[in-house]
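Notes to accompany the following structure.
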2 protein chains.
Amino acid sequence: MAGIDRSLVRALPLFNKLSDSELDDLLAQASLRRFAVGEAVFEQGAAATHFFLLLHGRLKVTQVTADGQQIIVRVVHPGDIFGFAKALQRQDYPGTPTAAAESVVICWPTEVWDLFVEKNPHLAVNAMRTIGERLQEAHTRIREMATEEVERRVAHAVLRLIKQAGKIESAGIRIDFPISRQDIAEMTGTTLHTVSRILSAWETKGLVQGGRQKLLVRDATALRLLAEGSAD
Amino acid sequence: MAGIDRSLVRALPLFNKLSDSELDDLLAQASLRRFAVGEAVFEQGAAATHFFLLLHGRLKVTQVTADGQQIIVRVVHPGDIFGFAKALQRQDYPGTPTAAAESVVICWPTEVWDLFVEKNPHLAVNAMRTIGERLQEAHTRIREMATEEVERRVAHAVLRLIKQAGKIESAGIRIDFPISRQDIAEMTGTTLHTVSRILSAWETKGLVQGGRQKLLVRDATALRLLAEGSAD
DNA sequence: CGGTTGTTTGAATCCCGTCAACTGACGTGG
DNA sequence: CCACGTCAGTTGACGGGATTCAAACAACCG
């Protein structure tokens with residue numbers, strides 16, 4: 001392991017209170033791994049031996065039910081830490097993160113988490129906030145699934161995606177990684193057929209522009225109106 | 001404030017690593033409050049000034065949507081801490097905890113959370129685990145709402161309730177606080193009408209026994225089968 | 001004993017999932 | 001470079017589970 005260059009992570013808010021030498025200490029414990037599209041970083045239910053930071057790419061975290069149905073729990077974006085089950089006193093990973101695009105990940109053994117935290121309490125606070133945000137996100141999704149009809153849920157999901165992974169283009173905002181109708185269906189608790197119908201309808205209304213594993217939002221404001229459920 | 005007696009909380013796992021004097025120090029900062037049925041401990045969106053521990057009773061945590069629909073995010077049971085938004089770096093409370101039964105709550109100002117944690121790192125670890133569990137619970141619910149039909153979701157909700165608030169009686173396991181069909185509907189993302197129909201059907205099959213704000217599970221095993229979605 | 005709150009049940013409606021068939025894009029190998 | 005298999009997406013028809021609308025009933029409370 002030739003050591004990970006500090007510059008790769010220096011800009012991350014997670015580390016902005018660390019000195020260069022402290023950061024180097026942490027990186028000395030870490031290793032870098034690369035994942036091709038479709039590869040999993042780890043498997044749901046496996047023993048939690050490492051925790052991770054996504055440097056580059058995009059991961060879809062899925063859970064499968066006993067009867068084989070799959071849902072996407074969340075999407076991991078560059079700069080996010082994930083798989084820190086041990087910090088939550090869990091022995092195994094709750095989901096499976098799969099590379100939606102070519103991805104690069106930093107891995108630390110779970111044993112160094114304590115050191116990780118001790119070196120800089122700021123990291124612990126940060127981790128706490130991260131989990132808090134995720135919990136709130138989860139509650140938001142529960143509320144949406146409970147009270148909103150499919151079209152609004154899809155609208156919310158798409159808005160969330162362009163917020164977290166939106167790349168501005170001349171024609172609108174593009175979701176900056178390959179995403180299928182099936183993926184959106186698994187994020188919103190519906191079927192790819194229904195998602196396809198909805199996106200087609202939006203396309204004829206000029207709200208979005210689709211494509212194979214592609215989605216471009218042309219009118220985010222109108223989408224937002226739809227999501228907030230104002231009159232149709 | 002006459003001081004809170006140590007014996008009230010001594011048995012809680014949360015505090016089992018604290019010495020009597022440390023515990024007394026913490027309790028000296030706290031105050032005790034009592035809530036009648038229907039009263040709210042705090043309101044969704046209000047500034048987070050305190051965090052809490054439920055000593056006795058039962059709280060339903062609700063969130064309301066912009067258009068006035070309500071869902072029950074979770075139920076707080078005796079011994080649970082809640083409202084520690086500040087620990088997650090949040091300025092306001094995400095939901096409203098309402099007393100479903102006469103309840104007694106210990107309150108600490110948020111400022112003492114740091115002291116709280118510093119006194120015993122074990123508390124921080126414990127809090128982390130608690131949040132981790134809640135996050136996992138939330139994901140489980142999302143998965144259920146996404147993939148399961150209503151009857152199974154209701155079955156899961158009822159099973160969760162008897163696990164967390166079940167009192168064994170000769171005829172079966174009773175949910176030990178007043179809970180309405182409406183409540184169950186808000187926990188499962190459906191309507192009270194549908195819940196009523198489902199519970200009626202279960203009653204004729206001998207699985208449960210209903211009543212006004214009451215529910216007794218007579219055959220938990222059969223319910224579990226239903227929830228796991230084995231043949232119908 | 002009215003009024004309020006919670007529950008039950010029926011009938012009509014409709015959203016959405018399922019089933020099914022087809023189209024188009026991509027890439028790989030001959 | 002074209003043929004073919006695979007994968008992603010589209011679209012229609014149909015059925016059913018769940019919501020909605022509506023009305024009556026039962027339990028609790030002051």
Side-chain angles (χ1 to χ4, degrees), chain A residues 36-38 60 65 67-72 98 100-101 144-155 157-158 175 177-205 208-216 226 229 232, chain B residues 36-38 60 67-72 98 100-102 144-155 157-158 175 177-205 208-216 226 229 232:
Chain A
V37 174
K60 301 180 298 193
T65 61
D67 57 327
Q69 286 195 82
Q70 192 172 91
I71 67 152
I72 296 184
T98 309
E144 288 175 6
M145 305 252 316
T147 64
E148 297 177 1
E149 50 188 30
V150 175
E151 186 172 20
R152 288 179 60 187
R153 297 210 301 270
V154 174
V158 171
I175 295 175
F177 65 98
I179 185 161
S180 68
R181 307 287 184 265
Q182 176 74 40
D183 290 334
I184 297 177
E186 286 176 13
M187 288 192 274
T188 52
T190 180
T191 62
L192 81 157
H193 306 277
T194 302
V195 171
S196 177
R197 281 182 239 275
I198 289 172
L199 291 185
S200 295
W202 288 354
E203 191 149 6
T204 60
K205 284 201 276 181
V208 302
Q209 190 176 312
R212 188 190 176 85
Q213 307 220 68
K214 283 200 273 283
L215 193 61
L216 175 77
L226 240 172
D232 44 43
Chain B
V37 174
K60 301 181 297 194
D67 57 327
Q69 287 194 80
Q70 193 172 91
I71 67 150
I72 296 185
T98 309
E102 180 88 9
E144 287 175 5
M145 305 250 315
T147 64
E148 295 177 2
E149 51 188 31
V150 174
E151 186 172 19
R152 288 179 59 185
R153 298 211 300 269
V154 174
V158 170
I175 294 174
F177 65 98
I179 185 159
S180 68
R181 308 288 183 266
Q182 176 74 39
D183 290 335
I184 297 177
E186 287 176 11
M187 288 192 277
T188 51
T190 181
T191 63
L192 81 158
H193 306 278
T194 303
V195 171
S196 177
R197 281 182 238 275
I198 289 171
L199 290 185
S200 295
W202 288 354
E203 189 148 8
T204 60
K205 284 201 276 181
V208 302
Q209 190 175 312
R212 188 191 176 86
Q213 306 219 73
K214 282 198 274 282
L215 193 59
L216 176 76
L226 239 172
D232 43 54

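Below, chains carry the letters A, B, ... as their sequence lines are ordered, and counting in each starts from 1. Keep in mind that this is a model prediction, so the values were computed, not measured.
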Side chain of B:Thr194, backbone of B:Thr190: donor and acceptor closer than 3.5 Å?
no
Between A:Ser196 and D:dT10, is there a contact of a side-chain N or O with OP1 or OP2 at under 4.0 Å?
yes
Quick check: closest heavy atoms across A:Ala146 and B:Ile71, and the distance to 0.1 Å?
CB-CG2, 4.0 Å
Quick one: label A:Ser180 by what it contacts on the DNA or RNA (base, sugar-phosphate, nothing), any heavy atom closer than 4.0 Å.
sugar-phosphate
Result of checking B:Leu192, B:Ile175, B:Val195 against B:Ile184 for side-chain contact (heavy atoms from CB on, under 4.5 Å)
B:Val195
CD of A:Glu149 versus C1' of D:dG17: gap in Å, rounded?
16 Å
Test for a donor-acceptor pair under 3.5 Å between the base of D:dG12 and the side chain of A:Arg197, counting only N and O atoms.
yes
Given the options A:Glu151, A:Glu203, A:Arg153, A:Ile198 meets side-chain contact (heavy atoms from CB on, under 4.5 Å) only with A:Glu151
Hey, does B:Leu192 reach any base, or is it just sugar-phosphate, or nothing, if we go heavy atoms under 4.0 Å?
base
Pairs meeting criterion salt bridge (Lys or Arg N to Asp or Glu O under 4.0 Å) with involvement of residues 183-193 of chain B, two or more places apart:
B:Lys60-B:Asp183
Could you give the CZ-to-P distance, from B:Arg152 to D:dA18, as a whole number of Å?
12 Å
What's A:Ser200 touching, base or sugar-phosphate or nothing? Going by heavy atoms closer than 4.0 Å.
sugar-phosphate
Check: B:Ile179 and B:Met187 side chains under 4.5 Å, non-hydrogen atoms
yes
Per A:Arg212 side chain, nearest of listed nucleotides D:dA18, D:dC28, D:dA8:
D:dA8
First-last contacting nucleotides on DNA chain C - partner chain B, under 4.0 angstrom, heavy atom:
C:dT5 to C:dA11
Can you tell me how far P of D:dA8 sits from CG of A:Asp183, to the nearest Å?
9 Å
Output the rounded distance in Å from NE2 (B:His193) to P (D:dA24).
16 Å
Under the criterion side chain to side chain contact (heavy atoms under 4.5 Å, CB included), I'd like the reasoning laid out for A:Gln213 against A:Phe177: C-alpha separation, chi angles, the key distance, then a yes or no.
CA-CA 8 Å; A:Gln213 307 220 68; A:Phe177 65 98; over 6 Å; no
Toward the 5' end of DNA chain C, by each residue's nearest nucleotide, A:Glu151 or A:Lys214:
A:Glu151
